[in-house]
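Here the structure comes first, spelled out in C-alpha cells, and everything after it is commentary.
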Amino acid sequence: MTYFKFKESTKLKVIGRKFPQIETYESGYDFNAEYSISHLNNEEGWKNRKIKTPTFILNKSAKKTDVISSIGLPKFSFIWSEEFYSFLKALKLPEHLVFPLKIQHKEEYLSNYILIHICYPSESSIDFTKSKLCVAERLDKKYDIKINSLSHYYLEKKKYESKSIFDPKIHIEKFVVKENAAYDLFGIGELFRGIYINNSLKRAIQKKGFTGMDFIPIEDLRIGGIW
C-alpha cells in the first residue's frame, strides 16, 4: 500500500492569493483562558475543559476550500468542512475531538466548518524493521542508526534528549508504514510529524472533488528535502 503525507495546500490556484488562508482571529479571544484551544497542544490538555474556539477570519481573497490553512492552530488540529469530515468519519479514523467553528469571510459567517484534533499521534504505524533511521543535527545527517521496534525507538531517543534544536536527534530517512496499519488516516507525533493517508483514501478524496489539501508521497520525505 502506498502512503502520502496529507497537509494543507500551499498552491495559490487552489486556496486563493495568500497562504495561509486565515491570518487572524476575532479580537478578545483569550488564548490563556481555561477554554482556549491552546490547551490542545498538551497531551490530554483538553480533558476536563470546555474548549471554545475563536471566530477565525478568512482572508478576503481566500477560497472556501474543504481544508483551510490557518496560523496558530494547535499541533494536530485542523479546519475541515463538515462535508469533508462526514466523508472521513465513515472510514477508520483514530481517536479525535471535534469542535464547532465559526469563520468570518468578508461580511459572511460560515458555520459549515469544524476544528478537528487528533488526540494521540504516535510512531506506532511505522514499520521500523523496514524503515531507515539516522542521527542528524537539524538537517545534517551524521550517521545511520538501527531501530527494530517502537519500544527500541523510545529507548534510543532518550540518548538524544536535549532542549536545543541544534543538538543531534533521531530522524527518519526511509519511511515505511506497517502493512496492517490500523487506520486509513493517522498521525505521527515526532518522526516526520504530520497526518498520513493511504492511496485508497487519497483516490476517494480526489474522486469526491474535495479541495484545499496536498498529498506528498512518503518516498519524497527525506533529510534535507521535503518534510
Side-chain angles (χ1 to χ4, degrees), residues 5-42 44-121 183-187 194-197 201-215:
K5 186 171 186 178
F6 172 92
K7 60 194 292 290
E8 296 98 334
S9 181
T10 58
K11 298 171 182 173
L12 301 188
K13 287 184 178 180
V14 173
I15 65 173
R17 294 180 184 173
K18 297 177 72 177
F19 174 85
Q21 293 154 280
I22 291 174
E23 295 181 304
T24 187
Y25 310 90
E26 66 177 347
S27 60
Y29 186 84
D30 186 356
F31 282 88
N32 295 314
E34 279 292 305
Y35 58 74
S36 170
I37 60 173
S38 63
H39 295 295
L40 297 175
N41 277 313
N42 303 318
E44 299 192 345
W46 41 269
K47 285 194 171 181
N48 302 317
R49 298 181 194 272
K50 293 183 178 180
I51 300 293
K52 298 178 183 179
T53 57
T55 296
F56 292 80
I57 300 176
L58 190 63
N59 293 333
K60 290 183 178 181
S61 62
K63 296 181 181 181
K64 293 178 277 189
T65 50
D66 292 288
V67 175
I68 291 182
S69 53
S70 176
I71 62 163
L73 289 180
K75 294 176 292 186
F76 295 99
S77 294
F78 308 91
I79 297 175
W80 292 353
S81 70
E82 289 181 341
E83 184 181 1
F84 183 55
Y85 173 63
S86 294
F87 167 74
L88 290 179
K89 191 169 59 171
L91 306 173
K92 293 189 295 182
L93 294 181
E95 184 175 351
H96 61 280
L97 304 170
V98 174
F99 303 97
L101 196 62
K102 186 183 289 185
I103 297 176
Q104 181 181 349
H105 186 231
K106 302 177 182 178
E107 303 303 318
E108 178 186 13
Y109 283 90
L110 313 176
S111 57
N112 61 325
Y113 285 88
I114 55 98
L115 182 74
I116 181 168
H117 178 72
I118 306 299
C119 296
Y120 301 110
Y183 303 106
D184 298 307
L185 177 150
F186 55 88
I195 297 295
Y196 295 85
I197 65 172
L201 178 52
K202 171 182 173 287
R203 284 181 165 183
I205 290 171
Q206 292 173 324
K207 185 176 181 180
K208 285 285 188 179
F210 291 116
T211 58
M213 67 287 291
D214 289 337
F215 307 99

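Residue numbers run from 1 in the order of the sequence given. Nothing here was measured: the structure is a model prediction, and the numbers come from that model.
The backbone N or O of Pro20 lies less than 3.5 Å from no partner atom in the side chain of Ser70, so there is not a single donor-acceptor pair. Checked by atom type and distance alone, the side chain of Ser81 pairs as donor or acceptor with a backbone atom of Phe84 at under 3.5 Å. Side chain of Asp30 to backbone of Asn32: a donor-acceptor contact under 3.5 angstrom is found. In this structure a side-chain-to-backbone donor-acceptor pair under 3.5 Å is missing from Ser69 to Phe19. At distances below 3.5 Å, at least one donor-acceptor pair connects side-chain atoms of Asp66 with backbone N or O atoms of Thr211.
Residues forming a ring pair (Phe, Tyr, Trp, His ring centres under 6.0 Å) with Tyr29 (at least two apart in sequence, or on another chain): Phe31, Tyr35.
Note: Asn42 CG to Arg49 CZ = 7.5 Å, rounded to the nearest 0.5 Å. Here the CE atom belonging to Met213 is positioned 15.5 Å from the NZ atom belonging to Lys5, to the nearest 0.5 angstrom. Atom-to-atom distance recorded for Ile205:CD1 and Arg203:CZ is 13.0 Å, nearest 0.5 angstrom.
Aromatic rings from His105 and Phe56 are positioned such that their centres are separated by 6.0 Å or more. In summary, the aromatic rings of Phe6 and Tyr196 are positioned with their centroids too far apart to meet the 6.0 Å limit.
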(request) Check the pair Thr65, Gln21 against side-chain hydrogen bond (donor to acceptor under 3.5 Å, both in side chains), reporting the backbone distance first and the verdict last. (result) CA-CA 9 Å; Thr65 50; Gln21 293 154 280; 2.9 Å; yes
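Taking 4.5 Å as the limit, some side-chain heavy atom of Leu185 sits within range of a side-chain heavy atom of Ile195. With contacts defined as side-chain heavy-atom distances shorter than 4.5 Å, the pair Phe78/His117 does not qualify.
A pairwise comparison of heavy atoms in Leu97 and Cys119 identifies CG-SG, 3.6 Å as the closest pair. Nearest approach of Asp184 to Leu201, heavy atoms of both residues: O-CD2, 3.7 Å. In plain terms, the two heavy atoms of Ser77 and Leu115 that are nearest each other are CB-CD1, 4.2 Å.
If you run side chain to side chain contact (heavy atoms under 4.5 Å, CB included) between Ile79 and each of Leu73, Val67, Ile116, only Leu73 comes through. Exactly one residue among Phe76, Tyr120, Tyr85 makes a ring-ring contact (aromatic ring centres under 6.0 Å, His included) with His96. That residue is Tyr85.
Looking at Lys64 and Glu108, a side-chain N of the basic residue comes within less than 4.0 Å of a carboxylate O on the acidic one, giving a salt bridge.
For residues 11-28, the salt bridge (Lys or Arg N to Asp or Glu O under 4.0 Å) pairs, not counting sequence neighbours, are Lys11-Asp214, Lys18-Glu23.
A cation-pi arrangement is absent between Lys92 and Tyr183 under the rule of less than 6.0 angstrom and at most 45 degrees off the ring axis.
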